[in-house]
Novice: 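Okay, here's the structure, questions in a sec.
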Amino acid sequence: MRDHRVLADRVRVALAGGAAAEARVLVAADGLGSPTRRRAGLERPVRAPERFGVRRHAEVPDAGDAVEVHFGDGVEAYVTPVGPRQVGVAFLFERGAARSFEALLGRFPALAARLDGAAFATPARGAGPLARAARARVADRLVLLGDAAGYLDAVTGEGLSLAFGCAIDLAALLPGALARGATAHDLAAYETAWRRRYGPYARWTRLVLALSRRPGLRRRLIALAAMAPRPFERAVAAAVG
Ligand SMILES: Cc1cc2nc3c(=O)[nH]c(=O)nc-3n(C[C@H](O)[C@H](O)[C@H](O)COP(=O)(O)OP(=O)(O)OC[C@H]3O[C@@H](n4cnc5c(N)ncnc54)[C@H](O)[C@@H]3O)c2cc1C
């Protein structure tokens with residue numbers, strides 16, 4: 001999609017190659033940098049240290065069944081089983097932490113040694129800055145969904161469930177909103193639904209980000225979690241639902 005224009009009773013979108021399409025409402029799920037959010041004047045600047053993410057998939061003899069999180073200074077590594085013999089290896093890091101996937105891996109010598117010689121099934125793909133905000137999720141005949149609606153960080157491994165949950169909410173309320181005219185006012189229930197889901201995500205993400213920047217406190221909490229795994233599991237379940 002190249003452009004969109006909101007008319008009185010519909011939205012007209014310009015597509016690549018000169019084609020066009022019209023609809024009663026535009027649901028923009030065009031990611032962190034959402035061009036639609038910017039065009040609609042819904043962009044809100046974020047004042048936070050810039051964080052970025054990059055990932056590859058590695059072939060390993062046994063992927064296991066646990067997600068590993070390794071903390072470093074200004075960078076974390078995540079190893080996630082995605083198949084019996086494949087893991088996702090992702091890094092989330094602050095600007096300036098390192099310049100490449102290999103350099104980031106080098107910040108975690110034990111992990112680098114384990115992956116030494118492993119074949120990578122995918123190239124490095126990255127995204128960022130991760131924290132993005134919108135002034136609102138709705139405007140006349142327009143809805144922002146997923147990262148386009150606002151995002152903080154992937155440190156808690158969230159983003160997809162937030163987007164899918166909001167899509168379910170939107171599907172339920174959209175017929176009524178369309179029948180009323182799909183103005184920003186008619187779509188206001190989506191803003192409320194988004195806030196209900198985004199609030200807990202944002203609170204937990206800010207907490208984990210704060211911990212990731214305080215190594216002493218983080219180590220004490222992890223030691224505590226190892227001693228009392230049940231309360232820790234309950235806290236994680238409450239955080240991610
Ligand atoms: C390193 C990393 C690790 C992550 N790990 C997790 C995790 O473990 N679990 C989790 O739930 N989330 C994770 N996330 C977050 C998750 O990836 C996002 O929250 C999720 O992908 C958001 O989906 P989306 O559809 O909103 O945006 P995207 O997945 O970014 O999709 C947007 C799409 O819109 C397309 N697009 C953009 N502009 C246009 C245009 N003009 N016309 C047509 N198409 C367009 C893009 O090409 C893209 O395909 C991670 C993120 C990163 C960076």
Side-chain angles (χ1 to χ4, degrees), residues 1-5 11-21 23 26-40 42-43 50-58 63 65-70 72 74-83 86-95 97-98 100-101 104-105 107-108 120 122-134 137 142-171 190 194 197-198 200-202 204-205 208-209 212 236 239-241:
M1 188 178 82
R2 292 278 159 82
D3 195 11
H4 81 277
R5 202 142 61 88
V11 188
R12 184 176 296 154
V13 298
L15 304 171
L26 173 62
V27 179
D30 47 359
L32 286 175
S34 176
T36 310
R37 183 181 64 218
R38 214 172 31 245
R39 259 197 317 272
L42 294 176
E43 189 86 19
E50 285 187 332
R51 300 235 310 159
F52 298 81
V54 63
R55 66 95 180 107
R56 292 188 79 178
H57 294 92
D65 61 359
V67 176
E68 290 173 33
V69 183
H70 303 253
V75 52
E76 309 97 52
Y78 302 78
V79 184
T80 310
V82 294
Q86 193 177 90
V87 289
V89 182
F91 299 100
L92 298 176
F93 54 98
E94 291 181 9
R95 184 184 281 283
S100 67
F101 185 91
L104 287 161
L105 184 55
R107 301 276 304 272
F108 300 90
F120 280 95
T122 52
R125 294 283 306 271
L130 297 172
R132 304 297 179 110
R137 263 43 54 185
L142 176 66
V143 174
L144 299 178
L145 182 71
D147 286 1
Y151 194 63
L152 260 183
D153 202 279
V155 71
T156 56
E158 280 182 278
L160 292 173
S161 55
L162 199 60
F164 289 136
C166 289
I168 290 169
D169 294 340
L170 180 62
Y190 174 73
W194 178 86
R197 289 186 188 273
Y198 194 81
Y201 155 74
W204 280 101
T205 298
V208 178
L209 276 176
S212 77
V236 171
V240 297

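Every value quoted in this text rests on a predicted model; they were computed, and no experiment measured them. Just so it is clear, the values below take in all heavy atoms, side chains as well, and ignore hydrogens, waters and symmetry mates. Counting convention: from 1, in listed order, for ligands and their atoms alike.
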Novice: Output yes when a protein non-hydrogen atom is found under 4.0 Å of atom 40 (C) of ligand 1, and no otherwise.
Specialist: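 Yes, there is a protein heavy atom closer to it than 4.0 Å.
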Novice: Is Arg39 atom CZ crowded by more than 12 heavy atoms from other residues, nucleotides or ligands, each under 6.0 Å away?
Specialist: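 Count over threshold, so yes.
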Novice: Which residue holds the protein heavy atom closest to atom 44 (N) of ligand 1, what is that atom called, and what is the gap in Å?
Specialist: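 Here the nearest protein heavy atom works out to Met1 N, 4.9 Å.
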Novice: Around atom 36 (N) of ligand 1, find the nearest protein heavy atom and jot down its residue, atom name and distance.
Specialist: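 For atom 36 (N) of ligand 1, the nearest protein heavy atom is Asp30 CB, 4.0 Å.
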Novice: Are Leu144 and Trp194 close enough that some pair of their side-chain heavy atoms sits under 4.5 Å apart?
Specialist: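 Not touching, per the 4.5 Å side-chain cut-off.
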Novice: Looking at atom 11 (O) of ligand 1, what's its closest protein heavy atom, distance included?
Specialist: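 Sorting protein heavy atoms by distance from atom 11 (O) of ligand 1 puts Leu160 N, 2.9 Å first.
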Novice: Which heavy-atom pair separates Gly128 from Leu32 by the least distance, and what is that distance?
Specialist: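 Minimum heavy-atom separation between Gly128 and Leu32: N-CD1, 4.0 Å.
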Novice: Below 4.0 Å, non-hydrogen atoms only: which portion of Glu158 touches ligand 1? Side chain, backbone, both or neither.
Specialist: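 Backbone only.
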Novice: Would you mind reporting whether Cys166 and Tyr190 have side-chain heavy atoms less than 4.5 Å apart?
Specialist: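 Result yes, sub-4.5 Å side-chain heavy-atom pair found.
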Novice: Does the protein place a non-hydrogen atom closer than 4.0 angstrom to atom 22 (C) of ligand 1?
Specialist: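 Yes, because at least one protein heavy atom sits under 4.0 Å from atom 22 (C) of ligand 1.
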Novice: Tell me whether Ala163 reaches ligand 1 (any heavy atom closer than 4.0 angstrom to a ligand atom).
Specialist: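 No.
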Novice: Distance to 0.1 Å, residue and atom name: give those for the protein heavy atom nearest to atom 4 (C) of ligand 1.
Specialist: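 The answer is Ala154 CB, 3.8 Å.
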Novice: Using a 4.0 Å heavy-atom threshold (strictly under), name the region of Ala29 that reaches ligand 1: side chain, backbone, both or neither.
Specialist: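 Backbone only; the side chain of Ala29 stays clear of ligand 1.
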Novice: Determine whether any heavy atom of Val54 lies closer than 4.0 Å to an atom of ligand 1.
Specialist: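 Yes; Val54 lies near enough to ligand 1 that a heavy-atom distance drops under 4.0 Å.
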Novice: Between Thr205 and Tyr198, is any pair of side-chain heavy atoms under 4.5 Å apart?
Specialist: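 Result no, sub-4.5 Å side-chain heavy-atom pair not found.
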Novice: Side chain, backbone, both or neither: which applies to Tyr151 and ligand 1 if a contact is any heavy-atom pair less than 4.0 Å apart?
Specialist: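 Contact part for Tyr151 vs ligand 1: side chain (C-beta onward).
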Novice: To which protein heavy atom is atom 30 (O) of ligand 1 closest, and what is the distance rounded to 0.1 Å?
Specialist: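 Nearest protein contact, heavy atoms only, for atom 30 (O) of ligand 1 is Gly31 CA, 3.7 Å.
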Novice: To the nearest 0.5 Å, what is the distance between CZ (Phe52) and CG (Leu130)?
Specialist: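 Phe52 CZ to Leu130 CG: 8.0 Å, rounded to 0.5 Å.
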Novice: For atom 34 (O) of ligand 1, decide whether some protein heavy-atom distance is shorter than 4.0 Å.
Specialist: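 Yes; the ligand atom in question has protein heavy-atom contact below 4.0 Å.
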Novice: Using only atom types and a distance under 3.5 Å, with no angle test, would you say the side chain of Arg56 pairs donor to acceptor with the backbone of Thr122?
Specialist: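 Checking the backbone N and O of Thr122 against the side chain of Arg56, a donor-acceptor pair under 3.5 Å is found.
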Novice: Taking the side chain from Arg37 and the backbone from Ala148, do they hold a donor-acceptor pair closer than 3.5 Å?
Specialist: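 Side chain of Arg37 to backbone of Ala148, a donor-acceptor pair under 3.5 Å: yes, one is there.
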Novice: Output the list of atoms in ligand 1 that are nearer than 4.0 Å to some heavy atom of Gly146, sorted by atom number.
Specialist: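 The atoms of ligand 1 under 4.0 Å from a heavy atom of Gly146 are 26 (O).
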Novice: Please report the shortest heavy-atom distance between Glu158 and Tyr151, naming the atom on each side.
Specialist: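 Taking Glu158 first and Tyr151 second, the nearest heavy atoms are O-OH, 2.6 Å.
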Novice: Compute the minimum heavy-atom distance from Phe52 to ligand 1 and say whether it is under 4.0 Å.
Specialist: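 No, that is not the case, since the closest heavy atom of the residue is not under 4.0 Å from the ligand.
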Novice: Tell me the protein heavy atom at minimum distance from atom 9 (N) of ligand 1, and give that distance in Å.
Specialist: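 Going atom by atom, the protein heavy atom closest to atom 9 (N) of ligand 1 ends up being Gly157 O, 3.0 Å.
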Novice: Considering only the protein, which heavy-atom contact is closest to atom 2 (C) of ligand 1, and what is its distance?
Specialist: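 So the nearest neighbour among protein heavy atoms is Leu92 CD2, 4.2 Å.
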Novice: Considering only protein heavy atoms, determine whether one is less than 4.0 Å from atom 47 (O) of ligand 1.
Specialist: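 Within 4.0 Å: no protein heavy atom nearby.
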Novice: Quick one: do Arg132 and Asp147 make a salt bridge, cutoff under 4.0 Å?
Specialist: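 Salt bridge: no.
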Novice: For Phe120, is the CZ atom crowded, meaning more than 12 foreign heavy atoms sit under 6.0 Å from it?
Specialist: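 Result for CZ/Phe120: enclosed.
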Novice: Is the closest basic N to carboxylate O distance between Glu76 and Arg51 below 4.0 Å?
Specialist: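 Yes, Glu76 and Arg51 are salt-bridged.
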Novice: Among protein heavy atoms, which sits nearest to atom 18 (C) of ligand 1, and what does the distance come to when rounded to 0.1 Å?
Specialist: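 Of every protein heavy atom, Asp147 OD2, 3.3 Å lies nearest to atom 18 (C) of ligand 1.
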